[in-house]
Amino acid sequence: TVMIGCLSGCSTKINNESVNTPNASTDTEVRTNEGVQDELLPYGTVVLLKDSTKRIMIYGHNQKIAGDTADKVWDYAACYYPEGRLNNESTFMFDSEQIEKVDFEGLKQLSDATLQADKGDKWLPVGSVVEVEGVTEPIIIIGRYQKNGDTGEIFDYIGCSYEKGNVSAESTLIFNHDMITGLYFTGYEDEEEIAFEEKLNSVSN
């Protein structure tokens with residue numbers, strides 16, 4: 001498993017339990033994403049890797065570490081579950097054979113979902129797929145309680161394109177709960193997620 005840096009800094013790190021990550025880098029490049037959702041586990045899928053105790057959520061396919069002279073293409077990029085993307089050091093790269101267990105499978109195809117107008121009042125889990133005001137494509141939530149690195153303003157969510165996944169810092173979007181105009185799919189919500197939502201409420205209120 002390789003842990004790489006991605007995106008901008010965030011305002012809080014509530015849980016810093018680590019996944020086994022022997023190598024690290026600071027950037028990624030996407031090779032291709034055409035048709036991969038038919039072959040690989042969909043974005044929003046929660047997995048446990050072999051020899052690891054911390055689950056992670058898939059939010060990228062077919063990526064490599066920028067500057068890697070071996071030009072290695074990894075099957076997946078992922079973030080912590082249930083915390084989501086936390087900071088520059090919280091993205092993980094791994095291959096299919098490293099997966100020990102799949103706890104939850106994300107939305108395979110948008111056509112499988114029905115857009116719901118009511119998204120509720122509570123935090124949406126990472127892996128949720130939403131419609132955001134002013135955005136033409138569906139967004140998958142990859143983190144919560146995020147700080148704009150330029151202004152310092154706190155936003156409820158950070159997300160990326162559901163179709164393309166997390167491909168770069170420039171491809172992410174920060175937004176608030178009231179900007180969500182529809183809900184296609186709700187991410188995994190277990191006891192660990194519920195406990196984390198309580199922590200989010202404690203720091204955001």
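Side-chain heavy atoms closer than 4.5 Å link hydrophobic residues (I, L, V, M, F, W, Y) into clusters, and following such links, even through other members, never connects Val126 to Ile194. Each of Leu48 and Phe94 belongs to its own hydrophobic cluster when Ile, Leu, Val, Met, Phe, Trp and Tyr are linked at side-chain heavy-atom distances under 4.5 angstrom. With hydrophobic clusters built from ILVMFWY side chains whose heavy atoms lie under 4.5 angstrom apart, Leu124 shares a cluster with Val203.
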Exercise for review: May I have the step-by-step check of side chain to side chain contact (heavy atoms under 4.5 Å, CB included) for Asp103 and Val47, ending in yes or no?
Suggested key: CA-CA 6 Å; Asp103 276 350; Val47 302; over 6 Å; no

Exercise for review: Could you walk me through whether Tyr80 and Met57 pass the side chain to side chain contact (heavy atoms under 4.5 Å, CB included) test, one step at a time?
Suggested key: CA-CA 6 Å; Tyr80 290 108; Met57 187 199 78; over 6 Å; no

Exercise for review: Would you sort out whether Gln116 and Lys119 count as a side chain to side chain contact (heavy atoms under 4.5 Å, CB included), showing the intermediate values?
Suggested key: CA-CA 7 Å; Gln116 305 291 325; Lys119 81 274 191 177; over 6 Å; no

Practice item. Would you check, one step at a time, whether the test side chain to side chain donor-acceptor pair (under 3.5 Å) holds for Asp190 with Tyr81? Key: CA-CA 11 Å; Asp190 61 358; Tyr81 173 83; 2.9 Å; yes

Practice item. Determine, step by step, whether Asp112 and Leu110 satisfy the side chain to side chain contact (heavy atoms under 4.5 Å, CB included) criterion, reporting the C-alpha distance in whole Å, the side-chain angles of both residues, the deciding distance to 0.1 Å, and the verdict. Key: CA-CA 5 Å; Asp112 295 337; Leu110 198 65; over 6 Å; no

Exercise for review: Apply the test side chain to side chain donor-acceptor pair (under 3.5 Å) to residues Glu133 and Thr181: give CA-CA distance (whole Å), side-chain angles for both, the deciding distance (0.1 Å), then the verdict.
Suggested key: CA-CA 6 Å; Glu133 181 180 356; Thr181 56; over 6 Å; no

Practice item. Tell me, with the steps shown, if Trp123 and Asn201 meet side chain to side chain donor-acceptor pair (under 3.5 Å). Key: CA-CA 9 Å; Trp123 293 95; Asn201 288 331; 2.8 Å; yes

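Contact annotation: the side chain of Lys147 never approaches that of Phe155 to less than 4.5 Å [non-hydrogen atoms, C-beta and beyond]. Within the 4.5 Å cutoff, the side chain of His61 has no heavy atoms near those of the Glu39 side chain. Counting heavy atoms from C-beta on, the side chains of Leu183 and Val130 come closer than 4.5 Å. Using a 4.5 Å heavy-atom cutoff, the side chains of Arg144 and Glu197 are in contact. Residues Glu137 and Tyr162 have side chains not in contact (no heavy-atom distance under 4.5 Å, counting atoms from C-beta outward). No side-chain heavy atom of Ile56 sits under 4.5 Å from any side-chain heavy atom of Cys79. His177 places a side-chain heavy atom less than 4.5 Å from the side chain of Tyr157. Using a 4.5 Å heavy-atom cutoff, the side chains of Ile180 and Phe175 are in contact.
The shortest heavy-atom contact between Pro82 and Lys54 is CD-NZ, 3.9 Å. Considering every non-hydrogen atom in both Gly106 and Pro42, the closest pair reads O-CG, 3.3 Å. Taking both residues in full, the closest heavy atoms of Val129 and Pro138 are given as CG1-CB, 4.0 Å, listed atom of the first, atom of the second, then distance. Of all heavy-atom pairs spanning Ser128 and Gly187, the tightest one is OG-N, 2.9 Å. Closest of all the heavy-atom pairs between Pro125 and Glu189 is CG-CB, 4.2 Å. Taking every heavy atom of both residues into account, Thr91 and Ala77 meet most closely at CG2-CB, 4.3 Å.
Here Ile174 contributes atom CD1 and Ile154 contributes atom CD1; the two are 9.0 Å apart, rounded to the nearest 0.5 Å. Distance CD/Glu193 to CZ/Arg55: 10.0 Å, rounded to 0.5 Å. With rounding to the nearest 0.5 angstrom, the CG atom of Asp75 is 5.5 Å from the CG atom of Leu40. Atoms CE and NZ, from Met93 and Lys72 in turn, are 9.5 Å apart once rounded to the nearest 0.5 Å.
No donor-acceptor pair closer than 3.5 Å links the side chain of Ser52 to the backbone N or O of Leu49.
In this pair, Tyr188 and Phe104 present their aromatic rings parallel. The plane angle is below 30°, not in the 30 to 60° band.
Separation of the Phe92 and Tyr76 ring centroids does not fall under the 6.0 Å cut-off. Residues Tyr59 and Tyr43 place their aromatic rings such that the two centres sit no closer than 6.0 Å.
Within 6.0 Å of the NZ atom in Lys122, the count of heavy atoms belonging to other residues, nucleotides or ligands exceeds 12. The environment of Glu97 atom CD is dense: over 12 non-hydrogen atoms of other residues, nucleotides or ligands sit within 6.0 angstrom.
When the options Ile141, Asp178, Asn176 are evaluated for a side chain to side chain contact (heavy atoms under 4.5 Å, CB included) with Asp156, the one that passes is Asn176.
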